[in-house]
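Per chain, numbering begins at 1; letters A, B, ... match sequence-line order.
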Amino acid sequence: MDGSGSFDLLEEVFSRVRESSIFRDRDKLSPDYVPSRLPFREEQIARLGAILAQALKGYKPNNAFIYGLTGTGKTAVVRYVLERLREKAQEIQVPVTVAYVNCRQRDTEYRVLSDVLDSLGVRVPFTGLSIAELYRRLVRALERGRARLIVVLDEIDYVLRKHGDDLLYRLLRINGELPEPSVSIIGITNDLNFVDSLDPRVKSSLGEEEIVFPPYNARQLQAILEERASLAFKNGVLDEGVIGLCAAIAAREHGDARKALDLLRVAGEIAEREGSSRVTVEHVNKARNQLERDRVFEVVSTLPLHAKLVLLAVVKLIDAKGKATTGEIYSVYTELAGRVGVEAVTQRRATDILSELDMLGILSARVVSRGRYGKTKTVTLSSSRGSIIEALKTDDIIGRLIEED
DNA sequence: CCTCCACAGGAAGCGCAGGAGT
DNA sequence: ACTCCTGCGCTTCCTGTGGAGG
């Protein structure tokens, strides 16, 4: 980067941010912000509150299982209730400790346990001890503190998928080693199927209580957005229909409130960057495109080499004739693999790669029968060609391949 | 009505890496 | 330092199948 030109550019951007004409407080739209009111979740708050209230009376709360798709307010509700519980416990002098662990970030048994210990005030080295030793220390800390411990495992399916249900099984058994049971577990997941894959013993004891978070409908999303928008934006900067459009788009994607908030925030950011004094429906559409581009980029650029090659083969075929079938894709793919000097995977594997790309929402593969001419999958792209190519180019090997023609 | 294409997609197993137990 | 175990990406081998053309 060279000197003065880019500095002036930055100066301009920075000063525009400082005197934002759009946002009052952008963080109110951030996914991490926990609002003081959670509309349409009164029932879930009351249920969870009733369960955890046992801890205030000196009993062990039941374990609970919380399900709901992404963006249905699970994490926000749990954090909200825990915070209130913590306040109340302090107020009436009852020892309650809360450990909140996000299992997507802390995705091994060791890391989860060390976070739990950390919340009890026990520091452990980030590596070096055996898992069994961590459990021993946990038991000792609990005996010493005599506190109720509530462990919240958010996105619990991540650890379990990777490491099986040992973690849960052993955590649940800790109560047996204590003079009185004092560990409660709250599991949160957005994968409804994964519950069935649990050990039946774990399943039954974790599922003592179950709380379901249904998706929000468009009307509810609209109300949520209006409330947040009034905190985040300056008065009257939102055009008519902006909130309605965000709500409608997110409602179509299984009522995901996070998505709705993202749209609104990015639309505001785009409006601001353009120096506009208002946020328009047009800005929302741009925001939708940008979010989609980011998603595709994120997914495609981290794909393994063979998946990228298969994807490039699909793009080439669609460029040439508007559609692609498995056989064609495979032969173009093997040719590409040859050109970059790697051995091709088998066709069987290639069909699995196609299915994976389908599940990631990059393309869409439909099984069709062409009668005499066999049965195959016809593949179309389900995200923009431009974004895909752009993301593929970040890979040196694939990039060279694209440059060549 | 039957055939037979061009695949889909299940089952089993292999080599490897990385992590746990000893 | 060593075995043992597990999950992952992949191959090999396989059976199943919707419907155009005979």
Original post:
Honestly, is R26(A) close enough over F23(A), meaning NZ or CZ under 6.0 Å from the six-membered ring centre and within 45° of the axis?
Top reply: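 Ring-cation test returns yes.
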Original post:
When you measure from the centre of the six-membered ring of F233(A), is the NZ or CZ of R24(A) under 6.0 Å away and within 45° of the axis?
Top reply: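 That pair does not qualify as a cation-pi contact.
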Original post:
So which pairs with a foot in residues 388-397 of chain A pass side chain to side chain donor-acceptor pair (under 3.5 Å), sequence neighbours left out?
Top reply: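 Those involving residues 388-397 of chain A are K308(A)-D395(A).
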Would you be so kind as to tabulate the donor-acceptor pairs closer than 3.5 Å made by side chains of residues 31-39 of chain A, with sequence neighbours excluded?
residue, atom, partner, partner atom, Å
R37(A), NE, E227(A), OE2, 3.1
R37(A), NH2, E227(A), OE1, 2.9

Distances for protein N or O near nucleotides 19-22 of chain C N or O, under 3.5 Å:
residue, atom, partner, partner atom, Å
dG19(C), O4', S369(A), OG, 3.3
dA20(C), O4', R372(A), N, 3.1

Original post:
Do the side-chain N or O atoms of K377(A) get closer than 4.0 angstrom to the phosphate oxygens (OP1, OP2) of dA6(B)?
Top reply: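 Checking K377(A) against dA6(B): no side-chain N or O falls below 4.0 Å of OP1 or OP2.
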Original post:
Can you tell me if S384(A) and S387(A) form a side-chain donor-acceptor pair at under 3.5 Å?
Top reply: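 Looking only at side-chain atoms, S387(A) and S384(A) do form a donor-acceptor pair, the distance falling under 3.5 Å.
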Original post:
Among side-chain atoms of Y67(A) and N190(A), is any donor-acceptor pair under 3.5 angstrom?
Top reply: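 No donor-acceptor contact under 3.5 Å links the two side chains.
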Subject >> S383(A): side chain to side chain donor-acceptor pair (under 3.5 Å) partners, not counting sequence neighbours >> reply: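 With sequence neighbours excluded, S383(A) shows a side chain to side chain donor-acceptor pair (under 3.5 Å) to no residue whatsoever.
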Original post:
Charged N to carboxylate O below 4.0 Å: is that the case for R385(A) and D319(A)?
Top reply: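 Judged by the 4.0 Å cut-off on N to carboxylate O distance, R385(A) and D319(A) do form a salt bridge.
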Original post:
Does the distance from a Lys or Arg side-chain N to an Asp or Glu carboxylate O, for R339(A) and E404(A), drop under 4.0 Å?
Top reply: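 A salt bridge is present here (some side-chain N lies under 4.0 Å from a carboxylate O).
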Under 3.5 Å, which protein N or O atoms sit close to an N or O of nucleotides 15-17 of chain C? Give each pair with its distance.
none

Original post:
To the nearest Å, how far apart are R136(A) CZ and dG21(B) C1'?
Top reply: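 To the nearest whole Å, that distance equals 13 Å.
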**OP:** Evaluate whether atom CD1 of I402(A) has more than 12 neighbouring non-hydrogen atoms of other residues, nucleotides or ligands under 6.0 angstrom away.
**Re:**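 Yes.
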Every protein N/O lying under 3.5 Å from an N/O of nucleotides 9-11 of chain C:
residue, atom, partner, partner atom, Å
dC10(C), OP2, R349(A), NE, 2.8
dC10(C), OP2, R349(A), NH2, 2.9
dT11(C), OP1, T346(A), N, 3.1
dT11(C), OP2, T346(A), N, 2.8
dT11(C), OP2, T346(A), OG1, 2.8

